[in-house]
Amino acid sequence: MEPTVDRPAPQVTAAHLRTLLDSSAERPVLYISFGEGSEAELDVWAAGLVYEADIVLTRATAVDLLGEEPDSEAIAASLPKVQEAVDQMISVRGL
């Protein structure tokens with residue numbers, strides 16, 4: 001089941017990745033936050049405070065992929081891959 005127009009997956013932006021890379025949280029992660037009903041959005045928080053199955057990307061993995069201070073082109077190039085992970089997670093979750 002793919003995300004639908006009625007229930008789209010949240011869109012990953014460069015701001016999400018910058019926030020993840022710049023976060024001062026302990027072991028920051030980009031995760032899917034499921035709000036009321038079936039609404040989902042992306043947020044950055046400490047890994048220990050997030051349900052593990054909702055984690056899309058850890059800061060450590062982002063640094064491995066992009067480096068400590070990636071330029072805008074590197075971030076833009078990584079967005080489709082991260083979006084694919086979000087889409088898969090939403091599909092698996094059945095939203």
Side-chain angles (χ1 to χ4, degrees):
M1 179 177 173
E2 292 294 316
T4 66
V5 174
D6 294 336
R7 294 181 178 166
Q11 295 300 299
V12 180
T13 66
H16 289 117
L17 297 183
R18 288 262 181 233
T19 301
L20 175 62
L21 292 168
D22 295 341
S23 177
S24 62
E26 185 177 331
R27 295 180 26 236
V29 295
L30 178 67
Y31 74 103
I32 300 174
S33 173
F34 294 94
E36 295 295 319
S38 62
E39 185 179 324
E41 60 185 38
L42 294 169
D43 204 355
V44 173
W45 201 247
L49 302 174
V50 175
Y51 183 57
E52 189 174 339
D54 295 339
I55 296 173
V56 175
L57 183 66
T58 67
R59 182 182 188 283
T61 301
V63 168
D64 286 347
L65 293 171
L66 302 168
E68 282 288 335
E69 296 183 27
D71 60 23
S72 297
E73 291 81 24
I75 289 177
S78 70
L79 291 175
K81 186 174 186 174
V82 179
Q83 186 65 53
E84 185 178 326
V86 170
D87 292 346
Q88 277 187 319
M89 290 175 71
I90 293 292
S91 295
V92 168
R93 188 97 177 213
L95 290 179

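Taking CG of Leu30 as the reference point, atom CD1 of Ile55 lies at 10.0 Å (rounded to 0.5 Å).
Shortest non-hydrogen contact noted between Ala46 and Val29 is C-CG2, 4.5 Å. Shown here for Ala25 and Trp45, the closest heavy-atom pair between the two residues is CB-C, 4.3 Å.
Residue Ile90 is grouped with residue Val82 when hydrophobic side chains (ILVMFWY) are merged at heavy-atom distances under 4.5 angstrom, including chains of intermediate members. If you chain together hydrophobic residues whose side chains sit under 4.5 Å apart, Val50 and Met89 never meet in one group.
Applying the side chain to side chain contact (heavy atoms under 4.5 Å, CB included) test to Gln83 and every residue at least two apart in sequence or in another chain returns Ala9, Gln11, Val12, Val86, Asp87.
Sorted by first and then second residue, the side-chain hydrogen bond (donor to acceptor under 3.5 Å, both in side chains) pairs involving residues 15-26 (not counting sequence neighbours) are Thr13-His16.
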Ignoring hydrogens and angles, write down the donor-acceptor pairs under 3.5 Å from the side chains of residues 61-69, residues two or more places apart or on other chains.
| unit_1 | atom_1 | unit_2 | atom_2 | d |
| --- | --- | --- | --- | --- |
| Thr61 | OG1 | Thr58 | OG1 | 2.9 |
| Glu68 | OE1 | Arg59 | NH2 | 3.2 |

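Looking at Leu57 and Leu17, their side chains come closer than 4.5 Å, going by heavy atoms from C-beta outward. Counting only heavy atoms from C-beta outward, the side chains of Ile32 and Leu42 approach each other to under 4.5 Å.
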